[in-house]
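These numbers were taken from a predicted model, which means no experiment stands behind them. Each chain gets a letter, A, B and so on, in the order the sequences are listed, and its residues count up from 1.
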Amino acid sequence: MFALIDCNNFYVSCERVFNPALNGKPVVVLSNNDGCFISRSEEAKALGLPMGGPAFKYRDLLRKHRVTVFSANFPLYGDMSSRVMTTLGALAPEIEVYSIDEAFLDMGGFRRLGTAEHAAHICRTVQRHTGIPVSIGIGPTKTLAKAASRLAKKNPRHRGVCMLSKPDEIQEALASLCIGDIWGIGKQWSKTLQSLNIHTALDLSRAPAQMVRQHLNTPGIRMQEELKGHSCLPLELVRPPKQSICTSRSFGRTVSAYEELQQAVATFAGTCAMKLRREGSLALTVTVFIHTSHFDGAARQCRGSGTAALNQPSQDSISIARAAERALASIWQPGYGYKKAGVAVSGFSPAMAGVTELSLFRNDRAEQEKRRQKLMQTMDAVNLRYGSGTLRLAAENTETWKPRQKQRSARCTTVWEEIVTVRV
DNA sequence: TCTGGGGTCCTAGGACCC
DNA sequence: TCTGGGGTCCTAGGACCC
């Protein structure tokens, strides 16, 4: 049996841990640039604030109902997430951290203790250790565990834990699950399936396999098998190394000057390089993209992306920023107000200590490479100790384009200066 | 005035190899 | 008139997830 542990309204719950006065009140957390709702308390959902809704369109409603609004505080959420995952790791033999607020557990060994009872114990323990409320779904496949967790959240009767094990329980649950609520079925496939007269998870589990393959390909077949109770998706105990890393932001205002875009792109490139070093990977290609706001119907639109290859696999901020600069130069067009830019690195190979892959044609660079590696190590060490951005490339600059962030709470678990006193 | 960010998998088609 | 078979790699685009 698999269990899916899902933190309730995770980002809002993190804010409430350090501000318990917000319990029972409507609270929302906004995306970067204070753009959209990305987490809502139950009270905020009841007011009709939709997931992904743009905050400025709901300004009156937010004010009228005195909704507490937070800018995103990802350092806090990331740290709270690792506390939840550490707690879960001690409560089951095997864990797959699926996302910032979800984990799958192997519940196979708890039959004698009572699987549902152990799940209830997990709920209580996570709440006590971290302050974060969780819901748990249990089923013979990951897809069914996901479905069960939906039911656990939707129906208070389950009190946070829903287990699907007997065939008739599963049938009943599948009949009540709309096609679009199945894990892996998005908007597009939902539409396709509806047109084929498949409306519930039960319909999909009983549809002819050939038809499913024709419209949904391999992932569809896997999904169908999982719904039938045949497990196709094992727990992934070790996170596979990333294949690409991307850093991108929307700007607080439109940016037209090339120099300002250059500064933004250099900043994103520096962050990508830092993430590469943390991941232990070397990249071979750097892609830069820029675009104007697709919501502004009146303005002239422009979007473009360009790729530059590195001479050799690298995780060096300077080389990656230079390549990003070349890529930007190849796509930038004057006369547009750009609203967003990003840098992505890909074509990875693992970085091995003491090993440098050299160019076939330029082998005089070994010494320079070594010095550059030491420089990056030093930069990372300084930034770890004194805060990120303490040491950075001169080309990096966030002043002109930085995103809006009006109401961020304290980074009280990751920055000493921002520790807060909590009255419970 | 104001609409997020970071990923994965799969397929199809083209270019290339022997 | 007639011209093989079996691969890989790369890219772009579309779907999905949180």
Give Lys57(A) one of three labels, base, sugar-phosphate or nothing, depending on what nucleic acid heavy atoms sit under 4.0 Å from its own. base
Gln262(A) side chain to Glu325(A) side chain, donor-acceptor N/O pair below 3.5 angstrom: yes
By the 4.0 Å heavy-atom rule, please label Pro403(A) as base, sugar-phosphate, or nothing. nothing
Scan Ser293(A) against the nucleic acid and name what it touches under 4.0 Å (heavy atoms): base, sugar-phosphate only, or nothing. nothing
Any base atoms under 4.0 Å from Tyr98(A), or only sugar-phosphate, or nothing? Heavy atoms, all strands. sugar-phosphate
Across the strands shown, which category fits Leu30(A) at heavy-atom distances under 4.0 angstrom: base, sugar-phosphate, nothing? nothing
When you measure from the side chain of Glu226(A) to the backbone of Cys232(A), do you find a donor-acceptor pair of N or O atoms at a distance under 3.5 Å? yes
Per the under-4.0 Å heavy-atom filter, residues of residues 32-42 of chain A near DNA chain B come out as Asn32(A), Gly35(A), Cys36(A)
Does Lys146(A) reach a base, just sugar-phosphate, or nothing at all? Heavy atoms under 4.0 Å. sugar-phosphate
Just checking Arg253(A): base, sugar-phosphate only, or nothing, at a heavy-atom cut-off of under 4.0 Å? nothing
Counting the benzene-type ring for Trp, do Phe104(A) and Phe2(A) have ring centres under 6.0 Å apart? no
Less than 6.0 Å separating the ring centroids of Tyr58(A) and Phe37(A)? yes
Over all strands shown, is Arg239(A) touching base, sugar-phosphate only, or nothing at heavy-atom distances under 4.0 angstrom? nothing
State whether a side-chain donor-acceptor pair under 3.5 Å links Asn73(A) with Ser409(A). yes
